[in-house]
Number of protein chains: 2
Amino acid sequence: MVKYQSSAMDRTFAALADPTRRAILLRLEQEPGLSVSELARPLAQKLPGMMKHLDVLADAGLITRTKAGRTVSVHLAVEPMREAMEWLKRYERFWNASLDRLVAFVEKEDEP
Amino acid sequence: MVKYQSSAMDRTFAALADPTRRAILLRLEQEPGLSVSELARPLAQKLPGMMKHLDVLADAGLITRTKAGRTVSVHLAVEPMREAMEWLKRYERFWNASLDRLVAFVEKEDEP
DNA sequence: CAAATACTTCGCCACATGGTGAAGTATCAA
DNA sequence: TTGATACTTCACCATGTGGCGAAGTATTTG
């Protein structure tokens, strides 16, 4: 890859690209503060694998971890998702607005 | 990685995780139907690199390519972005709605 | 203190990405 | 037909997952 530094948005989208990580986020939405083991159990994930996913999510700023004794509770942090959504919003007009623009777009393609 | 098959959403988020690819999508929004070379030029990308990015974008369903003679014009396809946004919408309440929920969330964290 | 629990880190492996230059193919132009 | 143009594919490299078992560290618990 040779990507020595990546932007916040790069990391956010990359973190969201894995189904296990999306499942983690969905679960945390329902049950904030779950521990690492509790997160791993239903996902049939060993702890080392879960650690890597949590590292990716934390790098992207999508979770925070707080340690209490020997257990770690994990919490959602949605700000990066808001920014990802802001980016996508740029394209909202393509499916949200009237079809005028789409028609114009298609017609332009047919020009020589 | 050992990911033999990935879902449409996996591919969409993965495609969006690269700044060059996001730049391509932004550019196509302004100027639909650009050719491969035209896309590559301002991004300081060699053609082989651009080809790979376009392959990733096409796999994710984010672009379509139509060949006319020896030139290929590239077009946006926004449906996958709409779906990505639908997924993110689930979290919208965290930043969009009243702060009640956030307060409840924070207070829950302080419980023993 | 000893044992169990909950993470954490450490190799190790396979594979996709992101980039390159070089070579190949297909069209268009002269 | 010969060149130039526009892609396309190939071979190669470095790196970041994504997964595992095994070993290590830190806290509780008995």
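Source: prediction; values computed, not measured. Throughout, protein chains are lettered first and strands after them, A, B, ... in sequence-line order, and every chain is numbered starting at 1.
Nearest-nucleotide assignment on DNA chain C puts the 5′-proximal partner with A/T71, out of A/T71 and B/M50.
Separating the CG atom of A/L39 from the C1' atom of C/dA6 is a distance of 13 Å, rounded to the nearest angstrom. Between the CZ atom of B/R65 and the P atom of C/dA26 there is a distance of 17 Å, given to the nearest Å. Rounded to a whole Å, the CG atom of A/L34 is 14 Å from the P atom of C/dA6. Atoms CG (A/D59) and C1' (D/dG16) sit 12 Å apart, rounded to a whole Å. Atom CZ of B/F13 is separated from atom P of D/dT17 by 17 Å (rounded to the nearest Å).
Considering only the side chain of A/M51, C/dT8 comes nearest among C/dA29, C/dA22, C/dT8. When each of C/dG18, D/dG19, D/dT8 is scored by its nearest atom to the side-chain atoms of A/T20, the top-ranked nucleotide is D/dG19. Each of D/dG19, C/dC28, C/dT5 was ranked by its minimum atom distance to the side chain of A/R70; first place goes to C/dT5. With distances taken from any side-chain atom of A/K52 to the nucleotides D/dG19, C/dG19, C/dC10, the minimum falls on D/dG19.
Nucleic acid contact for A/G49: none, since no nucleic acid atom lies under 4.0 Å from a heavy atom of the residue. The residue B/K46 sits close only to the backbone: its heavy atoms come under 4.0 Å of sugar-phosphate atoms, none of a base.
A distance-only check finds a donor-acceptor pair linking the side chain of B/R22 to the backbone of B/L16 [under 3.5 Å]. Between the side chain of B/R65 and the backbone N or O of B/V74 there is no donor-acceptor pair closer than 3.5 Å. Of the possible donor and acceptor atoms, none in the side chain of A/R11 sits under 3.5 Å from a partner among the backbone N and O of B/A17.
Side-chain nitrogen and oxygen atoms of A/K67 include at least one within less than 4.0 Å of the OP1 or OP2 phosphate oxygen of C/dT8. For the OP1/OP2 pair of C/dG19 and a distance below 4.0 Å, the side-chain nitrogens and oxygens of B/H53 include at least one atom meeting the criterion.
B/R82 and B/E79 are joined by a salt bridge, as a carboxylate oxygen and a charged side-chain nitrogen come within less than 4.0 angstrom of each other.
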